[in-house]
Amino acid sequence: MTDQSAAPEHQVVRPPRSQWWDVWDQFKKHSGALFGMIVFVTILLGVFIGPWIYHADAQFVPTGRDFIALKDTRPIYNAIWDSGAKVNWAHPLGTDQLGRDTLARLMMGGQVSIAVGLAAMGLSLLLGTAIGVLAGYFKRLDGPLMRLTDLFLALPLLPLLLVAVLLFREPLAATFGPEGGVFVLIVTLVGITSWMQTARIVRGDVLALKEREFVLAARSIGTPNRRLVMRHILPNVLSPIMVSATLGIATAIITESALSFLGFGFPPDFPTWGRLLFDSVDRMVLYPERVIWPGLLISLTVLSVNYIGDGLRDALDPRIRGR
Amino acid sequence: MLTYTIRRLLISIPTLLFISLVIFLLLELAPGDPMAQVPLTVPDEVKQKMREALGLGQPIHIRFGLWIWQFFVVEPLHLLDIILGTGFAEGQQRVISWQTRSPVMDIVAQRIPQTLWVVGVAYVVAVIIAVPIGVYSAYRQYSLFDQAGTFVTMIGFSVPPFFSGVLVIVIFSVQLGWFPSIYDTTHKVVDWDSFVVQLQQMVMPVMVLALQITSQISRFMRASMLDNLNQDYVRTARAKGMTERVVVTLHVLRNSMIPVVTIIALGIPSIFGGAIITEQVFKVNGIGQLLITAIQANDLPMVQTLTFIFAVLIVLFNLIADILYGILDPRIRYD
């Protein structure tokens, strides 16, 4: 169909683009968000693909003479300024007091931390969206559900989280095993204590959307409530949900690390970044790297996720987009 | 305004009762026995008597009512007795800690000055730093200062206190040796030298807490200033020939402070939550540290009371923020 007469027009008329390409274009303009995306993807790759390249068992504890030789080695960069430092090229970031490889432990801890963050974010989004949509869409549920939200906002969350971890750790560990139990527990607890902001935002948006003409049109052709919510309301509140999703990952990772740091989180042989930090605080004078690496990774992850959220907020706002 | 205040006060009573019920029922599930520390040679019936002496024999609703009564009536009366020297609360049972067998409120009263001292100073410092940063970065939007401010506040959001605290200990106390890494609460300020020591040990915990608060408040300050800077009244003020200084500090700042003041009020209780971690890092024996040790020792009355104090603080400051908003902004009418 490429005849001569159509050629000049071909340069003016662009191929149709989906909305998500526009969003991506706007997102790319936010340099902080793009940088955050790169950092976050790098951390994800390092944590999940890294163990395939760097073969070391995070839980391997050397015994006998190996133990003396391998324990407490420093990161290899220490040899630059301290020629007497105990370094071992097989362990680039050194080993801990039991001779376990720090880099492998960081990767394993990262997998758990990020998995907790993603799962807790998913749960809190599910709860927040469900409660927000129900409260905004059905007038009768609005009052009770919003009172519930206010009550949750008035709860002192960190103390209650600490108490709840103590209460339910044993029964859940009996059902899901020590690691699985703590994972389920922390994901559930963080999820059910962080949905309130999402619910409030979603409710506000649903209240405004409900009065729009397209909802009226859909209703007039007899769309049942369930399909009206799924087809017409939910896609339109997707952007605030996505923004709170990114913020949710950040809160979940920080809360999990805080719990682990206070000694109420994962067991030490199944570390997260927060737990690694907590375990190394006692030796931080002699081995500062064991504190700094996990802390740096937590901070970088949260920082990059926050920047992604910032960029998404701008990119998903059609009033800003295209400027 | 007065009717609104009274209505809000009345609403907060069922809220607090519900929260106390949630806390009570949650702790009711707790495993653990206050008699676990008692030697095994003590016979079972004696242990049972000791449990009943602690009020554990009664059914749940009686114990809940008793706890509410103790918390809301006996303890305030006791406080009144101490202040006025009267004897209202004489012979009334107070909330007793299982750990120390002494009234919970006495221990809390010993611990609260340390927390208030660190948290309070941190909050004041944070507000003093945050407001000028927010104002200036809004006034020069997208300038280098604004970009740097945004970056620093992002870091403040993202670096958790248990890392920033440990990091400043490694840098300033281990490597440089400027400040002590542990906050010594037995230290008494008597003269200039001991005051300097007190200042030195306060610098690090206060700055770690203040970094977080500063980043939140300065974000709000900036957004609120940006909203106001484009308003018509600002153009009018400039057109009248007022200096930029007067326009910004007198007109814009005063109007922008309205939402910021409520944010500051709302943030106070959450700071006590953040202080739990900071207290743990710097070994401040305030109420956060008390809570952690009480949870670890299964001291349920203590945990209950402390958690409820946090809840009361949250409800109270929510109320204060709402009322302040109404007082400061005459456009807002609640009735």
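These numbers were taken from a predicted model, which means no experiment stands behind them. Computed from heavy atoms alone, side chains included, the values below leave out hydrogens, waters and symmetry copies. Protein chains get the first letters and strands the later ones, always in sequence-line order, with residue 1 at the start of each.
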Which bit of A:Ala250 is near chain B, if near means a heavy-atom gap under 4.5 Å: side chain, backbone, both or neither? neither
Can you establish whether the number of heavy atoms outside B:Leu144 located under 6.0 Å from its atom CG is more than 12? no
B:Leu291 CG to A:Leu158 CG distance, which is reported to the nearest 0.5 Å: 8.0 Å
Measure B:Ile169 against the heavy atoms of chain A and call it side chain, backbone, both or neither at under 4.5 Å. side chain
Can you confirm whether more than 12 heavy atoms, excluding those of B:Met207, are under 6.0 Å from its CE atom? no
Ranked by heavy-atom pairs below 4.5 Å to chain B, first place among A:Ala164, A:Ser257, A:Pro288, A:Pro294 goes to A:Ser257
Validation row: B:Val281, A:Phe261 side chains within 4.5 angstrom (heavy atoms): yes
Which atom of A:Leu262 lies closest to which atom of B:Gln296, heavy atoms considered: O-NE2, 4.3 Å
Quick one: what part of B:Phe151 sits under 4.5 Å from any heavy atom of chain A, side chain, backbone, both or neither? both
A:Leu277 versus chain B, heavy atoms under 4.5 Å apart: side chain, backbone, both or neither? side chain
Under 4.5 Å, counting heavy-atom pairs only, tell me which of A:Asp150, A:Leu157, A:Leu296 racks up the most with chain B. A:Leu296
Contact check, side chains of A:Trp273 and B:Phe163, non-hydrogen atoms, under 4.5 Å: no
B:Phe220 CZ: over 12 foreign heavy atoms closer than 6.0 Å: no
Within a reach of under 6.0 Å around CH2 of A:Trp293, are more than 12 heavy atoms found that belong to other residues, nucleotides or ligands? no
Among B:Ile309, B:Val303, B:Val315, B:Ile292, residue most engaged with chain A (heavy-atom pairs, under 4.5 Å): B:Ile292
What residue among A:Ile254, A:Ile253, A:Thr301, A:Asn306 forms side chain to side chain contact (heavy atoms under 4.5 Å, CB included) with B:Ser158? A:Asn306
Would you indicate whether the side-chain heavy atoms of B:Gln280 and A:Phe278 approach each other to under 4.5 Å? no
Student check: side-chain heavy atoms of A:Val291 and B:Leu167 closer than 4.5 Å: no
Beyond-backbone contact of A:Arg147 with B:Thr15, side-chain heavy atoms, under 4.5 angstrom: no
B:Phe64 atom CZ, neighbour heavy-atom count above 12 within 6.0 Å: yes
Please examine the side chains of B:Phe162 and A:Val281, heavy atoms only from C-beta on, and report whether any two atoms are closer than 4.5 Å. no
Could you report the tightest heavy-atom contact between B:Pro160 and A:Ile298, atom names first, then the distance? CG-CG2, 4.0 Å
Is it true that, when you exclude B:Phe18 itself, more than 12 heavy atoms of the residues, nucleotides or ligands shown sit nearer than 6.0 Å to its CZ? no
Answer with side chain, backbone, both or neither: which region of A:Ser304 has an atom nearer than 4.5 Å to a non-hydrogen atom of chain B? neither
OG1 on B:Thr307 to CG on A:Leu155, rounded to 0.5 Å: 10.5 Å
Option in B:Ile295, B:Val170, B:Val159 with maximal non-hydrogen atom pairs under 4.5 Å from chain A: B:Ile295
